[in-house]
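A short worksheet on the structure shown next.
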Amino acid sequence: MARVKGGLMAQKRRRNILDEVKGYRLQRSKKKRVAREAIYHAQLHSFAHRKDKKNDFRRLWTVRINAALMAHGLKYSRFINALKTKKIELDRKVLATIAVENGEAFDRIVAEVSK
């Protein structure tokens, strides 16, 4: 039986691996063996970091809302509690966006809650 060297497929496999690690530093972007391990670790952490990102954004929204509320002399926890008692269903993402981009609308929301 003839010997199969598989040179073409090996090159293709190597190229695909190195394409995936484009932008990595040092050997991770140049050498197949190191690159493969870098891909493995990156995929391992990506699942956990996708979950962490949700917490990071929630913290960011909380900080932005709290900063906007300081001008009104309100605390974040009391504001959120007042929103729930008044049955105003705006999530933190929307509130933070309004507070940053449209201060007048946020002032009206705070005034409605403070009644």
Query raised in the report: Taking all atoms of both residues into account, what is the closest heavy-atom pair of Trp61 and Arg92, and its distance?
Result: CB-O, 3.8 Å
Requested in this report: Using the side chain to side chain contact (heavy atoms under 4.5 Å, CB included) rule, take Leu18 and Ser29 through it: C-alpha gap first, then chi angles, then the decisive distance, then the call.
Outcome: CA-CA 6 Å; Leu18 293 180; Ser29 67; over 6 Å; no
Query raised in the report: Taking atom NZ of Lys54 as the centre, does the number of heavy atoms from other residues, nucleotides or ligands within less than 6.0 Å exceed 12?
Result: yes
Report task. Mind checking the NE2-CG spacing from His49 to Leu44? Nearest 0.5 Å is all I need. Result -> 10.0 Å
Query raised in the report: Quick one: do Leu74 and Val100 end up in the same hydrophobic cluster if we chain Ile, Leu, Val, Met, Phe, Trp and Tyr together by side-chain heavy atoms under 4.5 Å apart?
Result: no
Requested in this report: Indicate yes or no: does Arg59 engage Asp56 in a salt bridge with an N to O separation below 4.0 Å.
Outcome: yes
Query raised in the report: For Lys32, does the NZ atom sit with more than 12 other heavy atoms under 6.0 Å from it, leaving out its own atoms?
Result: yes
**Report entry** Gap separating the CD1 atom of Ile98 from the CZ atom of Arg108, nearest 0.5 angstrom
**Finding:** 9.5 Å
Requested in this report: Using side-chain contact (heavy atoms from CB on, under 4.5 Å) as the criterion, point out the one residue from Arg14, Arg13, Glu20, Lys12 that pairs with Asn16.
Outcome: Lys12
Query raised in the report: Going through the checks in order, is the side chain to side chain contact (heavy atoms under 4.5 Å, CB included) test met by Phe79 and Lys75?
Result: CA-CA 6 Å; Phe79 175 71; Lys75 289 189 176 182; over 6 Å; no
Query - Rounded distance [0.5 Å steps], CZ in Phe106 versus NE2 in His72 - result: 6.0 Å
Report summary line: CD1 of Ile109 to CG of Leu83, rounded to nearest 0.5 Å, is 8.0 Å
**Report entry** Beyond-backbone contact of Asn55 with Lys51, side-chain heavy atoms, under 4.5 angstrom
**Finding:** no
Report task. Tell me, with the steps shown, if Phe57 and Asp52 meet side chain to side chain contact (heavy atoms under 4.5 Å, CB included). Result -> CA-CA 9 Å; Phe57 271 108; Asp52 290 344; over 6 Å; no
Query - Least distance between heavy atoms, Leu95 atom then Ile80 atom - result: CD1-CD1, 4.5 Å
Query raised in the report: Say you draw a straight line from CG of Asp91 to CZ of Arg58; how long is it, rounded to the nearest 0.5 Å?
Result: 9.5 Å
Query - Side-chain donor/acceptor of Ser114 to backbone N/O of Ala111, under 3.5 Å - result: no
Requested in this report: Kindly work out whether a path of hydrophobic side-chain contacts (I/L/V/M/F/W/Y, heavy atoms less than 4.5 Å apart) joins Val94 to Leu69.
Outcome: yes
Query raised in the report: Do you know which two heavy atoms are closest between Val113 and Ala82, and how far apart they sit?
Result: CG1-CB, 3.0 Å
Requested in this report: Look at atom NZ of Lys84 and say whether more than 12 heavy atoms of other residues, nucleotides or ligands are closer to it than 6.0 Å.
Outcome: no
Query raised in the report: So, do Arg28 and Val34 sit near enough that their side-chain heavy atoms are less than 4.5 Å apart?
Result: yes
Report task. Kindly compute the distance separating OG1 (Thr62) from OH (Tyr76), expressed to the nearest 0.5 Å. Result -> 3.5 Å
